[in-house]
Structures are given as C-alpha cells and as structure tokens.
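Written out below as structure tokens is the structure these notes cover.
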Amino acid sequence: AVFEGFFFYFLAGVFTTRKGGSSLRGLWAGFWAGIFSTIVFWAAFFVGLLIQVVQYYRQNAGLPGQSDLATYIGQQFHSIVDGLANSQQNGARGVITYLVAGLIIAMVLGLCGGLLGRLWARRRGFA
C-alpha cells in the first residue's frame with residue numbers, strides 16, 4: 001500500500017504537468033495527493049475499526065459483564081487511542097513527525113512526476 005501511494009503521488013505530478021506548465025505544479029499535486037490520501041486512510045481505518053467492534057460485540061452479546069453498544073465502543077476506542085499514544089515514545093511529536101515526513105515524500109515524488117511530465121510536454125510541443 002505504501003508503494004502504491006508513492007506511485008500515485010508521482011502520477012499526480014505527471015498528470016498535472018503533462019500538457020504543459022511548471023514542474024512546481026507537480027509539487028503541489030503531490031502535496032494535495034498526500035493530504036487527501038491521509039484523510040481517506042484514517043477515515044477508512046476508523047470505519048473498519050467500528051465495523052470490527054460492532055461484529056465482535058454482536059458475537060459476544062449477552063455474555064456476563066457486557067454493557068450497551070455505545071459504552072462498549074467507547075471503551076474499545078479509548079483503549080486503542082491509549083495504545084497508539086503510548087506506542088510512540090515521543091507521543092504526539094512522533095505522530096506529527098511521521099505526517100510531515102509523509103507529506104515531504106509526497107511533495108518530492110510529485111515534483112519528480114512533474115519533471116517527467118514537463119519533459120513529455122516539451123517533446124509533444126505543449127511547453
């Protein structure tokens with residue numbers, strides 16, 4: 001999945017500049033591709049997590065000690081958030097470092113794609 005993301009950051013830069021324009025447009029395409037892919041990843045992650053929690057609750061419904069679904073989901077969510085926060089030694093700073101590094105990689109790959117797209121545009125006579 002990571003290499004697929006890298007490929008699409010590069011491809012965003014290529015498609016942005018393939019009909020002409022500055023290769024810096026590829027950098028911006030990589031930037032926005034990185035932003036939107038991060039948003040989509042976390043949204044899909046939380047929806048999948050919610051589905052798994054609901055399925056687990058349904059399988060174990062009626063067992064002693066089970067509370068209502070909302071309380072159960074809240075407990076599971078807090079246990080996951082606590083686990084994610086404690087898995088990083090730096091806490092939020094580690095997460096921010098990963099996000100910034102990912103965004104920089106997306107921008108660099110978009111710029112590389114923009115350079116390639118600009119070369120194609122020159123060969124076709126668009127630039």
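Treat the numbers as computed from the prediction; the structure is a model and nothing was measured.
Taken to the nearest 0.5 Å, the CG atom of Leu99 stands 8.5 Å off from the CD1 atom of Ile35. With rounding to the nearest 0.5 Å, the separation of CG in Leu50 from CD in Gln55 is 10.0 Å. In this structure, CH2 in Trp32 is found 9.5 Å from CG in Leu103, a value given to the nearest 0.5 Å. Taken from CD1 in Ile105 to OH in Tyr9, the straight-line distance is 8.5 Å, to the nearest 0.5 Å. Between Leu24 atom CG and Leu115 atom CG the span is 8.5 Å, to the nearest 0.5 Å. Residue Phe15 holds its CZ atom at 10.5 Å from CZ of Phe10, rounded to the nearest 0.5 Å.
Connection of Phe41 to Phe6 is not established within any shared hydrophobic cluster, with ILVMFWY side chains joined at heavy-atom distances below 4.5 Å, either directly or through further cluster members. Hydrophobic cluster membership is shared by Val108 and Val100, with clusters built from Ile, Leu, Val, Met, Phe, Trp and Tyr side chains linked at under 4.5 angstrom. Phe36 and Leu111 fall within the same hydrophobic cluster, where Ile, Leu, Val, Met, Phe, Trp and Tyr residues are linked whenever their side-chain heavy atoms come under 4.5 Å apart, directly or through other members. Neither Val40 nor Phe45 shares a network with the other; the hydrophobic side chains, linked directly or stepwise wherever heavy atoms of I, L, V, M, F, W or Y lie under 4.5 Å apart, form separate groups for each. When the side chains of ILVMFWY residues are joined at heavy-atom separations under 4.5 Å, either directly or via intervening members, Leu27 and Phe31 end up in a single hydrophobic cluster.
A 4.5 Å side-chain heavy-atom check between Trp28 and Arg25 finds every atom pair outside the cut-off.
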(request) Could you please spell out the steps behind the side chain to side chain contact (heavy atoms under 4.5 Å, CB included) verdict for Phe7 and Glu4? (result) CA-CA 5 Å; Phe7 173 73; Glu4 185 177 336; 5.6 Å; no

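Here the closest heavy-atom approach between residue Ser23 and residue Arg118 is recorded as N-CD, 4.0 Å. Across every non-hydrogen atom of Ala12 and Ala29, the tightest pair is O-CB, 3.6 Å. When all heavy atoms are compared, the tightest approach of Gly34 to Ala106 is CA-CB, 4.0 Å.
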